[in-house]
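In what follows, every chain begins at residue 1, and chains take the letters A, B, ... in the order their sequences are listed. Excluded from the calculations below are hydrogen atoms, water molecules and symmetry mates; all remaining heavy atoms, backbone and side chain alike, are included.
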Amino acid sequence: MPNRLTRDFYIRTDVVQVARDLLGKVLVTRFDGITTAGMITETEAYRAPDDRACHAYGNRRTARTEVMFQEGGSAYIYLCYGIHHLFNVVTAPEDQAHAVLIRAIEPISGLEYMYQRRNLSVKAAPERLTTGPGALSQALGLHTSQTGQSLLDPNSPVWIEEHGQELQPDAIAAGTRIGVGYAGTCAAWEWRFWIRGSRFVRRR
DNA sequence: CAAACGATCGGCT
DNA sequence: GCCGATCGTTTGC
């Protein structure tokens, strides 16, 4: 029943719409036979060249941002604050550096492995597993070394599925992105989306 | 080559 | 609610 998202989903020119559409989809990893998965509950859109909060602002190409200029359908994973591995989905046709940051998921399977990877007691609330972009990457075993990994390749250890979860427009809330105060007027853009009422969202 | 800076988290008050 | 940790990336000298 679960269907893997295909090129058509990722290769669209409106990254803000893709960020909305990713809510309710299921992010899955399978490393060394260990499968972990969770439903996406919170996202943020980033878009070069005009968005100052985007690492590829002004279409700046560096070794790190090069992945974002590729055709949509792969992962952009980078290190934040020297500690946290933040997972993004690259979207849009080649040369349009657009990406969606996955900020939170609701755990669905492999919770026991998530507790291990997060180094949390089983008594800890499940919200602590995957709420927050650094936390969910750790829970799913995602790492900067996997940046550029395809989400479309049938052999990929990372992909996103459709589970037939229908979200009505009023089930989606929008607000400003977190931690981008340095981005001037772009900081006011409401390009952060979350499932209204979800317990698996960091700041409501 | 040196230095500043984060798309954060968790512990402590 | 506040604050410090921590290091790869980037930019400037």
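In this structure, A/Leu101 reaches the bases: a heavy-atom distance under 4.0 Å links it to at least one base atom across the strands shown. Within 4.0 Å of A/Arg118, counting heavy atoms only, lie sugar-phosphate atoms of the nucleic acid but no base atom. At the heavy-atom level, A/Ala135 lies under 4.0 Å from the strands shown only through sugar-phosphate atoms.
Rounded to whole angstrom, the span from the OH atom of A/Tyr78 across to the P atom of B/dT8 amounts to 6 Å. Between the CG atom of A/Asn119 and the P atom of B/dG11 there is a distance of 10 Å, rounded to whole Å. One interatomic measurement links the two molecules: CE of A/Met68 to C1' of B/dA7, which rounds to 10 Å at whole-angstrom precision. For the pair A/Leu120 CG and B/dC9 P, the interatomic distance rounds to 13 Å; values are reported in whole Å. In this structure, the CG atom of A/Leu129 is 15 Å from the C1' atom of B/dG10, given to the nearest Å. Put simply, CZ on A/Arg103 is 11 Å from P on B/dA7, counting in whole angstrom units. What separates CZ of A/Arg192 from C1' of B/dA7 is a distance of 12 Å, to the nearest Å. Note: CZ (A/Arg52) to C1' (B/dA7) measures 15 Å, nearest angstrom.
Shown are A/Glu127, A/Glu106, A/Glu42; of these, the salt bridge (Lys or Arg N to Asp or Glu O under 4.0 Å) with A/Arg199 is made only by A/Glu127.
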Report summary line: Pairing string of DNA chain B (Watson-Crick or G-U wobble, both atom distances under 3.5 Å; | = paired to other strand) is ||||||.|||||.

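Shown here for A/Ala45 and A/Asp51, the closest heavy-atom pair between the two residues is O-OD2, 4.2 Å. Scanning both residues, A/His55 and A/Arg60, for their nearest heavy atoms gives O-NH2, 2.9 Å. A/Gln70 and A/Val90 make their closest contact through O-CG1, 3.7 Å (heavy atoms, listed as atom of the first residue, atom of the second, distance).
Along DNA chain B, the nucleotide closest to A/Tyr182 and the one closest to A/Arg128 are compared, and the more 5′ of them pairs with A/Tyr182.
With sequence neighbours excluded, the residues satisfying ring-ring contact (aromatic ring centres under 6.0 Å, His included) with A/Trp189 are A/Trp191.
Side-chain polar atoms of A/Gln149 and A/Ser156 form a donor-acceptor pair below 3.5 angstrom. A donor and an acceptor atom, one from each side chain of A/Thr147 and A/Thr144, are nowhere located under 3.5 Å apart. Side-chain contact annotation: A/Gln138 with A/Arg118, donor-acceptor N/O pair under 3.5 Å present. Remark: the A/Thr35 side chain and the A/Arg30 side chain contain an N/O donor-acceptor pair separated by less than 3.5 Å.
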Report task. Mark up nucleotides 3-13 of chain C, 5' to 3', with B wherever a protein heavy atom is under 4.0 angstrom from a base atom, S wherever such an atom reaches only the sugar-phosphate, and - elsewhere. Result -> --BBBSSSS--

